[in-house]
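Note that ligands are numbered from 1 as they come in the structure, with each ligand's atoms numbered from 1 the same way.
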Amino acid sequence: MDNSRNSKLPEKIPTHVAIIMDGNGRWARARGLPRHAGHRAGVDNLRRVIEACTEFGVKYLTVYAFSTENWRRPPAEVRSLMNILEDVIDRELQELHRNGVQLRHLGRLEGLRPMLQRKVRHAIELTKDNQRLVLNIAWNYGGRDEIVHAIRRMLEDGVRPEDVDETLVSSYLYTAGCPDPDLIIRTSGEMRVSNFLIWQGAYAEFYVTPTYWPDFGREELLEALYDYARRERRFGRVPGPLTTG
Ligand code: IPE
Ligand code: IPE
Ligand code: MG
């Protein structure tokens, strides 16, 4: 029996965890495998991390899987990533649905091939009433692109300048209705944001681990949650218990 399953959970669990799933390519190279094998292993790991999030009581999980800048990769790699997304929807959707996972997409859907767009829309529609875990897949997502898109839509809607405030801007982002991330994890040791949730992450806690994404499993996630529970989030205030006024 796996005793780790009995390990105590930290008292403070973040409502929203966001992950920059990085290091698939290096994971593959270290094993003498092609990069796409790393991406496949990354998907297997995502399944484990989704399960762990439901077990730990995380309510929102956002994963960065394909950025607006990832189009700069060789066409064969881009194609293989798109195929992986399509495969994941084909193979995993029913199981995710049964497990109460609500799928959402962050990013520009119009940039994807029509079949993939249809599958993503279908997945969102099928799971829209599920409540156990909201899984945001950031695909063809860029934080700057998201803000540009939000501004365009505000202008199209004829929003008046005096009505623009932070709440309104948030409501025009792809994440509308989701709380801001409490914890942003980046695997593979890179210490940069790479255009991820640049508005929503304004006060997120950061956790960087050298582990490559395919190896970042349940125990490492728990480790990150313990680290988070020890942090003091001050939101600009002085140290001490949170006070109002
Ligand atoms: C993350 O792994 C997955 C995507 C960005 C699609 P990488 O493919 O960036 O892996 P490394 O950083 O080259 O190791
Ligand atoms: C960030 O990883 C994007 C995703 C994980 C999808 P990258 O590997 O693309 O980021 P950079 O290029 O190293 O900043
Ligand atoms: Mg990378």
Subject >> Within reach of ligand 1, part of S67 (heavy-atom separation under 4.0 Å) >> reply: neither

Original post:
Taking the six-membered ring for Trp, are H16 and Y60 parallel (under 30°), tilted (30 to 60°) or perpendicular (over 60°)?
Top reply: tilted

Original post:
Can the ring centres of H149 and Y174 be said to be less than 6.0 Å apart?
Top reply: yes

Original post:
How long is the span from the CE atom in M21 to the CZ atom in R186, to the nearest 0.5 Å?
Top reply: 11.5 Å

Original post:
Any protein heavy atom sitting closer than 4.0 Å to atom 2 (O) of ligand 2?
Top reply: yes

**OP:** Give the contacting part of A65 toward ligand 2: side chain, backbone, both or neither, where contact means a heavy-atom distance below 4.0 Å.
**Re:** backbone

Subject >> the Mg ion (ligand 3): protein N, O or S atoms [distance under 2.8 Å] >> reply: D22 OD1

**OP:** Could you tell me whether E223 atom CD has more than 12 heavy atoms of other residues or ligands within 6.0 Å of it?
**Re:** no

Original post:
Could an N or O of ligand 1 be found under 3.5 Å from any N or O of R35, whether backbone or side chain?
Top reply: yes

**OP:** Show which atoms of ligand 2 fall inside a sub-4.0 Å distance from at least one heavy-atom site of F66.
**Re:** 6 (C)

Original post:
Closest non-hydrogen protein atom to atom 14 (O) of ligand 2, residue and atom name please, with distance?
Top reply: S194 OG, 2.6 Å

Subject >> Residue among N99, L96, N45 satisfying side-chain contact (heavy atoms from CB on, under 4.5 Å) with I50 >> reply: L96

Original post:
Is it the side chain (CB and beyond), the backbone, both or neither of E190 that lies under 4.0 Å from ligand 2, heavy atoms counted?
Top reply: neither

Original post:
Is the number of heavy atoms from other residues, nucleotides or ligands within 6.0 Å of CZ (R113) greater than 12?
Top reply: yes

**OP:** Starting from atom 10 (O) of ligand 2, find the nearest protein heavy-atom neighbour and note its residue, name and distance.
**Re:** R186 NH2, 3.3 Å

Original post:
Among L116, L106, L112, whose side-chain contact (heavy atoms from CB on, under 4.5 Å) with N140 holds?
Top reply: L112

**OP:** Just say parallel, tilted or perpendicular for the rings of Y64 and F196, cut-offs at 30° and 60°.
**Re:** parallel

Original post:
What protein heavy atom sits nearest atom 7 (P) of ligand 2, and how far away is it?
Top reply: R73 NH2, 3.8 Å

Original post:
Heavy-atom distance to atom 9 (O) of ligand 2: which of I20, T68, N70 wins?
Top reply: N70

Original post:
Going by distance only, is there an N or O of G25 that falls short of 3.5 Å from an N or O of ligand 1?
Top reply: yes

Original post:
Once you round to the nearest 0.5 Å, how far does NE2 of H122 lie from CG of L126?
Top reply: 5.0 Å

Subject >> Atom CZ of R231: over 12 foreign heavy atoms under 6.0 Å >> reply: yes

**OP:** Answer yes or no: are there more than 12 heavy-atom neighbours, outside R31 itself, under 6.0 Å from its atom CZ?
**Re:** yes

Original post:
Can you tell me which residue and heavy atom of the protein come closest to atom 13 (O) of ligand 2, and the distance to 0.1 Å?
Top reply: R192 NH2, 2.8 Å

Original post:
For ligand 1, does H39 get within less than 4.0 Å through its side chain, its backbone, both, or neither, judged by non-hydrogen atoms?
Top reply: side chain

